[in-house]
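One structure is given here, and the rest of the page talks about it.
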Amino acid sequence: VKELYDAVLSGNSDAAKRITEQAIASGVEPMRLVNEFMSPAMAEAGQRFENGDCFVPHLLLSARAMKTSLALLRPLLVSSGASAIGRVVIGTVQGDLHDIGKNIVGAVLEGGGFQVIDLGVGVTPEKFIAAIHKHNPEIVAMSALLTITMLGMKDTIQAIQAVGLRRSVKVLIGGAPITREFATQIGADDFGSGAVQALAAAKRLLNGRSHPRV
Amino acid sequence: MNALIEKLLQASPVITDGAWGTQLQAQGLQPGEIPDAWNLSFPERVRQVARAYVEAGSQVILTNTFGANRFRLTEYDLRAKLAEINRAGVQISRQAAGDRASVFASIGPSGKSLVTGDVTAGELRTAFEEQAHALADAGADALVIETMSDLEEAQLAVAAAHATGLPVVGCMVFDSGRNKDCTMMGNTPEQAAAALTAAGADVIGANCGQGIAGFVAIAKRLRAASNRPIWIKPNAGLPRLVNGRAEYDMTPESFAGFVPALVAAGANFIGGCCGTTPAFICAIAERRAPALRGHD
């Protein structure tokens with residue numbers, strides 16, 4: 001099963017699938033596969049990406065391999081009482097139609113074990129609120145690429161507050177122009193300067209909740 | 001070498017233009033508005049930006065057509081006006097340029113990404129062919145494929161532009177990796193030079209992504225890896241956020257101070273990207289005079 005680590009790190013989905021199937025057949029505990037091999041591999045891929053030693057395509061391949069394995073393991077994890085570690089509603093804010101960065105973050109969050117509901121680009125505060133009602137996520141993640149549209153995040157947070165849902169969700173923001181200072185200023189719970197940081201922040205936010213989803 | 005490029009390069013470096021988006025915002029472009037639509041709704045304001053660059057000393061100006069491809073226009077319900085917006089963009093820059101500057105029409109990235117499977121290579125090719133033909137039919141002197149993060153997408157765009165018969169500039173954003181000398185997808189200047197040249201680019205280069213200091217080494221590597229002239233358009237340093245707006249600390253003078261180093265590194269076309277203004281182009285033009293005398 002050590003090969004599973006290598007398969008996720010190198011982004012080989014076919015190998016990840018094969019090894020996971022074999023491991024399941026031979027009775028290896030699913031949670032052990034996730035915690036001892038897959039998550040550390042994904043973390044290492046993220047670290048290499050952050051250091052500038054690997055690039056977006058590689059990170060996406062690793063996330064895809066991770067997702068492939070997780071898809072096989074999820075039914076088993078559910079029966080043992082654990083499923084997706086959390087649910088995230090994600091979208092690029094109103095006025096901003098950039099979806100590449102948001103899609104990368106979505107893929108990495110999925111690779112990290114989250115269920116991701118993607119609302120697309122140019123998402124209005126009303127659409128975010130409707131999605132919170134519908135999907136009951138732990139986290140709302142907003143993206144903006146442009147300095148001129150990042151204030152849409154503030155509007156969305158205020159709208160969520162106005163309908164009384166602010167305490168039901170954690171708000172995570174990200175995108176090229178976003179800084180921690182800005183996140184604090186507009187009342188977001190956390191921020192990620194890139195996909196890897198967004199995953200780390202999402203996990204932090206989940207741990208901060210009193211009743212984590214099992 | 002293409003005749004127009006050869007003629008321009010008789011007095012190298014050629015001065016290109018600076019940023020358009022920030023200039024249009026100063027004229028009232030709102031957050032979330034697509035700048036390209038202004039070619040139809042506020043042509044006079046767009047013309048003012050183009051004219052300011054010609055007056056500042058640009059010998060090559062671009063067009064307000066960076067995002068006028070079918071993917072972006074569809075998002076603003078402007079798909080049906082694609083040809084019209086691109087044509088107006090070329091006409092506006094042409095009117096501002098007169099016989100003082102050449103008009104190189106801008107083609108930016110699609111906004112969709114191949115690696116996440118948003119779009120296929122075939123769909124990208126069709127989209128770039130459509131925009132390139134619209135710009136060529138409108139009488140552009142050349143086409144500029146710019147701000148590309150993905151070399152595969154850039155190659156498709158360069159090939160589509162090349163098929164019009166116009167000279168083509170192909171340039172990438174180098175902002176990733178340990179030394180900020182790779183594209184977002186991990187390609188080096190050497191790989192970019194080879195791929196863009198193979199796709200039919202007459203001029204290759206780098207724009208956006210980082211401040212001007214980092215462009216000297218990139219220009220040098222592009223120069224060493226290719227026999228094509230080099231096009232360089234850096235940002236005015238890194239932006240700082242002040243009250244929700246991006247502000248750039250670098251002055252036109254300090255920006256222009258890098259011009260001799262860029263020329264020595266092999267840059268043939270020099271202008272600016274995000275954060276640069278007509279004042280930056282003025283400052284480059286003042287620097288260029290002594291640089292030229294040095295070649296006499």
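Convention: sequence-line order gives letters A, B, ...; per-chain numbering from 1. The basis for the numbers below is simple: all heavy atoms, side chains too, and nothing from hydrogens, waters or symmetry mates.
- A 6.0 Å sphere centred on CD of B/E44 holds more than 12 heavy atoms belonging to other residues, nucleotides or ligands.
- Of the listed residues (A/L60, A/V121, A/N51), the greatest number of heavy-atom pairs within a distance under 4.5 Å of chain B belongs to A/N51.
- When heavy atoms are compared at a cutoff of 4.5 Å, B/S149 does not approach chain A at all.
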Between A/I100 and B/M184, does the side-chain contact (heavy atoms from CB on, under 4.5 Å) criterion hold? Intermediate values first, please. CA-CA 11 Å; A/I100 294 176; B/M184 183 170 103; 4.0 Å; yes
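- The minimum heavy-atom distance linking B/T116 with A/R64 is given by the pair CA-NH2, 4.3 Å.
- Heavy atoms from other residues, nucleotides or ligands lying under 6.0 Å from NZ of B/K112 number more than 12.
- Atom SG of residue B/C182 and atom CZ of residue A/F55 lie 4.0 Å apart, to the nearest 0.5 angstrom.
- By the neighbour-count criterion of 12 heavy atoms within 6.0 Å, atom CD of B/E123 is densely surrounded, having more than that number from other residues, nucleotides or ligands.
- With a threshold of 4.5 angstrom between heavy atoms, B/K180 does not approach chain A through any atom at all.
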